[in-house]
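Within every chain, numbering begins at 1; the chains are lettered A, B, ... in the order of the sequence lines, protein sequences first and strands thereafter. Remember, predicted model here, so these are calculated numbers, not experimental data.
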2 protein chains.
Amino acid sequence: MRTALRSERPDSHFEDIRGLHLFSEMSEESFLTLMRGSYVQNFPPQVELVTEGEQSDFLHVLVDGSVEMLSSWNGRETVMATVRPISTFILAATIRDAPYLMSAQTLEKSRIVLIPSEDVRDVFEEDVNFARSIIAELAQCYRSVVKNIKDLKLRTSLERLANYLLREQHRQKAGDSFDLPIDKRRLASRLGMTPENLSRAFKNLQGYGVEVRGGRITITDPAELERFAKPDPLIDDKSA
Amino acid sequence: MRTALRSERPDSHFEDIRGLHLFSEMSEESFLTLMRGSYVQNFPPQVELVTEGEQSDFLHVLVDGSVEMLSSWNGRETVMATVRPISTFILAATIRDAPYLMSAQTLEKSRIVLIPSEDVRDVFEEDVNFARSIIAELAQCYRSVVKNIKDLKLRTSLERLANYLLREQHRQKAGDSFDLPIDKRRLASRLGMTPENLSRAFKNLQGYGVEVRGGRITITDPAELERFAKPDPLIDDKSA
DNA sequence: CGAACGCTTGAACCCTGTCAACTCAAGTGG
DNA sequence: CCACTTGAGTTGACAGGGTTCAAGCGTTCG
């Protein structure tokens with residue numbers, strides 16, 4: 001596991017962070033300013049890092065582990081996204097100095113760098129390159145949620161699942177076989193359906209060349225699945 | 001109608017644009033650079049201004065009229081948002097120099113200012129204040145789509161309609177009576193439901209103090225409607 | 001007046017959510 | 001080592017919400 005190996009060089013995650021689009025273009029000075037004010041923390045699984053509705057004090061950078069973004073209303077709860085290393089979350093709330101729209105909670109043991117929101121706002125006033133990176137990042141985030149809405153409104157749950165599987169296969173650079181990266185119950189919520197419904201959806205996809213054994217997915221007939229799923233770059237491509 | 005009054009002073013819409021958060025903080029010089037390169041155009045209703053999937057050439061500013069943002073997939077189509085004066089649209093695609101994720105079409109006769117995307121990108125490199133405004137605007141847009149997702153995933157269609165009515169009442173600063181600003185069929189699509197379903201939803205809301213006659217809504221029992229709708233600032237507030 | 005269109009209504013069907021029972025695997029403790 | 005517990009996942013039965021199809025109503029507009 002990476003965390004263990006890296007623990008000898010306490011500053012090494014700074015390099016990882018520097019590698020992110022968001023931080024790669026800024027001046028060394030600005031970057032060090034941000035890092036000097038930041039805290040590195042290790043969290044056990046199932047810890048609530050930020051709470052929906054509270055004020056934004058830190059920009060979070062997930063260096064290792066995994067984090068789930070959740071929202072709730074009127075007693076219901078839904079999974080909005082899953083964050084994997086290395087990436088930031090709740091940038092928009094940080095920028096606007098506004099309350100969080102989602103909660104975040106660790107799924108596994110996670111290492112997270114906390115950068116005070118105020119520092120972020122101060123630094124982008126000074127460093128045009130950082131400002132430009134923030135713009136690029138926010139535009140990207142925006143486009144990715146718009147795609148999420150299109151997925152929700154234009155597709156049935158079965159189609160969403162089919163396209164999710166194709167995306168996941170591609171993301172993991174897997175062959176025709178790969179493991180689901182999260183629980184099925186969380187996946188169901190992410191895709192806007194109930195666990196029971198997801199279970200049935202998986203069964204239905206058997207007819208389109210998908211085999212499921214536990215969390216292991218095997219796509220036996222990729223052409224058939226694609227014909228059904230009709231993936232679209234304007235919904236399914238992470239970048240662009 | 002404002003358009004008629006203003007047509008005598010052809011540059012007056014520049015002042016309107018200057019009043020937008022996005023343009024109010026930048027230097028006069030930068031602003032004039034943008035305006036000099038821009039085109040003002042009047043469009044009749046039902047014109048497709050931008051097409052999903054095409055490359056982004058202009059940042060659009062709606063000065064007068066109204067515009068609908070649409071997305072489609074696999075023969076289905078959905079209303080993503082309605083844009084009213086004075087505001088910009090497709091900022092994110094402009095910034096990222098990426099293909100549009102939505103189409104835009106005029107609902108009424110509309111006056112639109114087209115600012116070449118390249119100019120926008122050039123100017124924010126130079127003008128830190130403009131960059132800062134873009135950041136604020138994008139963060140705002142991002143948060144507003146996240147709210148849309150929460151609305152879709154956490155609420156039933158009846159709850160979405162109820163909250164829509166409360167938001168619309170508030171937006172129009174209306175008393176207990178106001179007109180729907182768009183067709184019911186478009187509203188249905190916006191809320192992620194069919195026209196038939198919307199029709200029934202309106203009937204169901206009669207039980208919670210809502211009267212409907214044509215496009216005219218009267219909220220006879222605001223307390224009762226709120227009790228049912230449970231509006232939440234983290235979903236329903238436009239700002240913040 | 002008739003045509004066109006948006007909206008509404010009814011009926012049938014299907015997808016989805018709910019509730020409950022059951023399986024299965026992993027972990028716990030006697 | 002094995003019974004017991006626990007939690008996720010699956011399955012079935014059922015109800016409800018939502019879509020679809022078809023027909024009817026009401027306005028507007030030529």
Side-chain angles (χ1 to χ4, degrees), chain A residues 45-46 68 72-79 82 105 107-108 151-165 179-208 210-218 228, chain B residues 44-46 68 73-79 82 107-108 151-165 179-208 210-218 228-229:
Chain A
Q46 310 299 335
E68 189 172 71
S72 57
W73 176 81
N74 193 28
R76 298 164 211 166
E77 189 177 59
T78 190
V79 174
T82 305
Q105 99 177 47
L107 290 176
E108 324 164 47
D151 193 44
L152 284 168
K153 292 183 74 177
L154 291 166
R155 289 172 171 163
T156 66
S157 58
L158 197 58
E159 289 163 344
R160 288 200 295 279
L161 176 59
N163 280 292
Y164 171 84
L165 293 179
D179 284 314
L180 293 176
I182 48 173
D183 294 327
K184 287 186 181 172
R185 55 176 21 254
R186 293 175 205 280
L187 175 58
S189 178
R190 198 5 293 262
L191 295 175
M193 52 210 279
T194 56
E196 294 93 330
N197 197 7
L198 176 65
S199 197
R200 286 163 188 133
F202 270 125
K203 281 195 84 174
N204 281 325
L205 283 186
Q206 285 175 12
Y208 299 98
V210 176
E211 252 178 34
V212 187
R213 193 167 12 242
R216 187 81 185 164
I217 308 296
T218 306
F228 171 72
Chain B
Q46 310 299 333
E68 189 172 71
W73 176 79
N74 194 27
R76 298 166 211 165
E77 190 177 60
T78 190
V79 174
T82 304
L107 290 176
E108 323 165 47
D151 193 45
L152 284 169
K153 291 183 75 176
L154 292 166
R155 288 172 172 164
T156 66
S157 59
L158 197 58
E159 288 163 345
R160 288 201 295 279
L161 176 59
N163 281 290
Y164 171 85
L165 293 179
D179 284 314
L180 294 175
I182 49 173
D183 294 331
K184 287 185 181 171
R185 55 176 21 252
R186 294 176 205 279
L187 175 58
S189 178
R190 212 332 320 250
L191 295 175
M193 54 211 280
T194 57
E196 293 94 330
N197 196 9
L198 176 65
S199 196
R200 285 161 189 139
F202 271 125
K203 279 194 85 174
N204 280 326
L205 284 186
Q206 284 176 13
Y208 299 99
V210 176
E211 253 179 34
V212 186
R213 195 169 8 243
R216 187 82 187 164
I217 308 296
T218 306
F228 171 74

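- C:dC7 atom P lies 17 Å from atom CZ of B:R213, rounded to whole Å.
- The line from OG1 of B:T78 to CH2 of B:W73 is 13.0 Å long, rounded to the nearest 0.5 Å.
- If you take CG of B:L161 and P of D:dG17, they are 15 Å apart, rounded to a whole angstrom.
- Contacts between residues 183-190 of chain B and DNA chain C, defined by a heavy-atom separation below 4.0 Å, involve B:D183, B:K184, B:R185, listed by number.
- Contact between the side-chain N/O atoms of A:T194 and the OP1/OP2 oxygens of C:dT16 is not found at any separation under 4.0 Å.
- Once rounded to the nearest 0.5 Å, the distance linking CZ of B:R160 with CG of B:L191 reads 6.5 Å.
- Between B:E159 and A:N74 the shortest heavy-atom distance is OE2-ND2, 4.4 Å.
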Name each donor-acceptor pair under 3.5 Å that joins a side chain in residues 192-206 of chain A to protein atoms two or more places apart or in another chain, with its distance.
{"residue": "A:T194", "atom": "OG1", "partner": "A:N197", "partner atom": "N", "Å": "3.3"}
{"residue": "A:N204", "atom": "ND2", "partner": "A:R200", "partner atom": "O", "Å": "3.4"}

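- Taking a 6.0 Å sphere around CZ of B:F228, one finds it holds more than 12 heavy atoms contributed by other residues, nucleotides or ligands.
- Proximity of A:T82 to A:R186: side-chain heavy atoms (C-beta onward) are nowhere separated by under 4.5 Å.
- The backbone N or O of B:E77 sits nowhere less than 3.5 Å from a side-chain atom of A:K153 that would complete a donor-acceptor pair.
- When distances run from any side-chain atom of A:E196 to the nucleotides C:dG17, D:dA22, C:dA20, the shortest one goes to C:dA20.
- Less than 4.0 Å separates DNA chain C from at least one heavy atom of each of the following residues of residues 197-206 of chain B: B:S199, B:R200, B:K203.
- Here B:R190 pairs with B:V79, B:N148, B:R167 under the side chain to side chain contact (heavy atoms under 4.5 Å, CB included) rule; sequence neighbours left out.
- Taking a 4.0 Å limit (strictly below) on heavy-atom distances, residues 152-159 of chain B does not reach DNA chain C anywhere.
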For nucleotides 25-30 of chain D, just jot down a letter per nucleotide in 5' to 3' order: B, S or -, based on protein non-hydrogen atoms under 4.0 Å.
------
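- For the pair A:E68/A:D183, no side-chain contact is recorded, criterion being any heavy-atom separation below 4.5 Å from C-beta on.
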